[in-house]
There are 2 protein chains.
Amino acid sequence: MEKTIIELEQAAQTLKLLGDKTRLTILGLVKDSECCVCEFVEVLQMSQPSISQHLRKLRDAGLVKEQRRGQWIFYSLNRDHATYPIIHQVLEQIPDQKEKLTALEEAGLRIQCDS
Amino acid sequence: MEKTIIELEQAAQTLKLLGDKTRLTILGLVKDSECCVCEFVEVLQMSQPSISQHLRKLRDAGLVKEQRRGQWIFYSLNRDHATYPIIHQVLEQIPDQKEKLTALEEAGLRIQCDS
DNA sequence: TTATAATATAAGTATATGCTTATATACGCA
DNA sequence: TGCGTATATAAGCATATACTTATATTATAA
């Protein structure tokens, strides 16, 4: 990937959002595929409002995109964000969260959210 | 650089520390050379206690090393820290802070801290 | 049209954070 | 020894953060 220079202030804002275990995991999850709120709730074993509030922060900062599909709202990584290169690099260096999604799938908990 | 996998919890802790403009600048400064507290104070235009408190956080987490040299205490980047690869990547993607140090030097404010 | 499911928002609360001012500590030098 | 400089620490305070519980919103389905 080409080297991009990101303004320090903006970088700090993004890093602050990454500096939370819950949000970092959420980003690790949407790196691989779109997820809906109930999936985050299941994977992270946290309350739905708590997850929603973390998602709102990520969305307000523009780090994730949301897309309503019927009853569900799917979140995905916004690869167009100015600080995406930082996020990409960070996610490259932490354990893959994909397996948590496949575990969900095997438990039959992934399907409930498919459109 | 070889790819290293950093535990999520530890990564989050480091990212939290990076997620502050002051600390991110400090790390950007020590990336290039050792600095003492008075230099951070000068460059960042913040109070000495405030700078000291940020440095303590970075030191407690092991992200920077300190070395006393006479009256001064010099801080440097700890490249042996488990999360250093993340820090390295982040610093690669923000503007270089080196010029702030050369500006200090030109103003004759750098010498006062040399041992 | 009502009930249910998925999600968001609001309000409350405990703790964390980042400053401030005041003071302590450590070193060098006269 | 005593003073000045560099730095650390302590205490106080305002604001931010991350939960909680309760309620609102939106869409589907009976």
Side-chain angles (χ1 to χ4, degrees), chain A residues 9 12-27 29-30 34-61 63-76 104 108-115, chain B residues 9 12-27 29-30 34-61 63-76 104 108-115:
Chain A
E9 192 138 5
Q13 196 219 347
T14 288
L15 290 163
K16 187 178 209 168
L17 288 169
L18 298 188
D20 173 275
K21 215 182 141 188
T22 302
R23 287 190 296 263
L24 191 53
T25 306
I26 287 176
L27 291 171
L29 287 166
V30 294
E34 294 190 311
C35 295
C36 68
V37 181
C38 59
E39 291 173 317
F40 297 127
V41 169
E42 189 60 36
V43 168
L44 291 158
Q45 291 286 299
M46 290 176 65
S47 76
Q48 175 268 316
S50 190
I51 294 291
S52 267
Q53 284 156 16
H54 282 294
L55 286 169
R56 182 166 53 169
K57 289 195 176 191
L58 293 173
R59 174 174 40 82
D60 285 353
L63 303 192
V64 299
K65 292 182 289 188
E66 67 174 32
Q67 196 205 351
R68 170 148 238 148
R69 219 177 295 150
Q71 218 166 348
W72 300 282
I73 298 176
F74 284 81
Y75 286 88
S76 58
L104 252 199
L109 292 166
R110 192 98 205 272
I111 309 108
Q112 68 181 17
C113 292
D114 286 358
S115 66
Chain B
E9 193 138 3
Q13 195 220 344
T14 288
L15 290 163
K16 188 178 208 167
L17 288 169
L18 298 188
D20 174 275
K21 214 181 141 187
T22 302
R23 287 190 296 264
L24 191 54
T25 306
I26 287 176
L27 291 171
L29 288 166
V30 293
E34 295 189 312
C35 295
C36 67
V37 181
C38 59
E39 290 173 317
F40 296 126
V41 170
E42 190 61 36
V43 168
L44 291 159
Q45 291 287 299
M46 292 176 62
S47 76
Q48 175 268 314
S50 189
I51 294 291
S52 268
Q53 283 155 17
H54 281 295
L55 285 169
R56 181 166 54 168
K57 289 193 177 192
L58 293 172
R59 174 175 38 83
D60 286 354
L63 303 192
V64 299
K65 293 182 289 187
E66 68 173 32
Q67 197 205 348
R68 170 148 239 149
R69 221 179 293 151
Q71 218 165 348
W72 299 282
I73 298 176
F74 284 80
Y75 285 87
S76 58
L104 252 199
L109 291 166
R110 192 96 206 272
I111 308 109
Q112 66 182 16
C113 291
D114 285 356
S115 65

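Residue numbers start from 1 in every chain, and the chains themselves are labelled A, B, ... in the order their sequence lines are given, proteins ahead of strands.
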Colleague: What's the closest nucleotide to the B:Lys16 side chain, out of C:dA16, D:dT7, C:dA10?
Modeller: C:dA16

Colleague: Examine C:dA6: is either OP1 or OP2 under 4.0 Å from a nitrogen or oxygen in the side chain of A:Tyr75? Give yes or no.
Modeller: no

Colleague: What nucleotide, of C:dA8, D:dA8, D:dT7, holds the atom closest to the side chain of B:Glu66?
Modeller: D:dA8

Colleague: At less than 4.0 Å, is any side-chain N or O atom of B:Arg23 found next to OP1 or OP2 of C:dG18? Yes or no.
Modeller: yes

Colleague: How is B:Phe40 classified with respect to the nucleic acid when contacts are heavy atoms under 4.0 Å: base, sugar-phosphate, or nothing?
Modeller: nothing

Colleague: When you measure from the side chain of B:Pro49, which nucleotide among C:dT21, D:dT7, C:dC27 comes out closest?
Modeller: C:dT21

Colleague: Consider the side chain of B:Ile73, meaning its heavy atoms from C-beta on, and name the nucleotide among D:dT7, C:dA8, C:dT7 that approaches it most closely.
Modeller: D:dT7

Colleague: Side-chain N or O of B:His54 less than 4.0 angstrom from OP1 or OP2 on C:dC19?
Modeller: yes

Colleague: Quick one: which of D:dC19, C:dT7, C:dG18 gets closest to the side chain of A:Ser50?
Modeller: D:dC19

Colleague: Any N or O donor-acceptor pair under 3.5 Å from the base of D:dA6 to the side chain of B:Gln48?
Modeller: no

Colleague: In sequence, state the C-alpha distance, the side-chain angles, and the governing distance for B:Val64 and B:Leu27, and then conclude on side-chain contact (heavy atoms from CB on, under 4.5 Å).
Modeller: CA-CA 8 Å; B:Val64 299; B:Leu27 291 171; 3.7 Å; yes

Colleague: Look at the side chain of A:Ser52 and decide which nucleotide, out of C:dT20, C:dT9, D:dT9, has an atom nearest to it.
Modeller: C:dT9

Colleague: Is there a donor N/O on one and an acceptor N/O on the other, under 3.5 Å, for the side chain of B:Gln71 and the base of D:dT5?
Modeller: yes

Colleague: Side chain of A:Gln53, heavy atoms from C-beta onward: which of C:dA11, C:dA8, C:dG28 has the nearest atom to it?
Modeller: C:dA11

Colleague: The side chain of B:Arg59 lies closest to which of these nucleotides: D:dT9, D:dT7, C:dT9?
Modeller: D:dT9

Colleague: Name the closest nucleotide to the B:Arg68 side chain, picking from D:dA6, C:dG18, C:dC27.
Modeller: C:dC27

Colleague: Among C:dA22, D:dA18, D:dC19, which is the nearest nucleotide to the side chain of A:Lys57?
Modeller: D:dA18

Colleague: Tell me, yes or no, whether the heavy-atom count around A:Glu9 atom CD, taken from other residues, nucleotides or ligands under 6.0 Å, exceeds 12.
Modeller: no

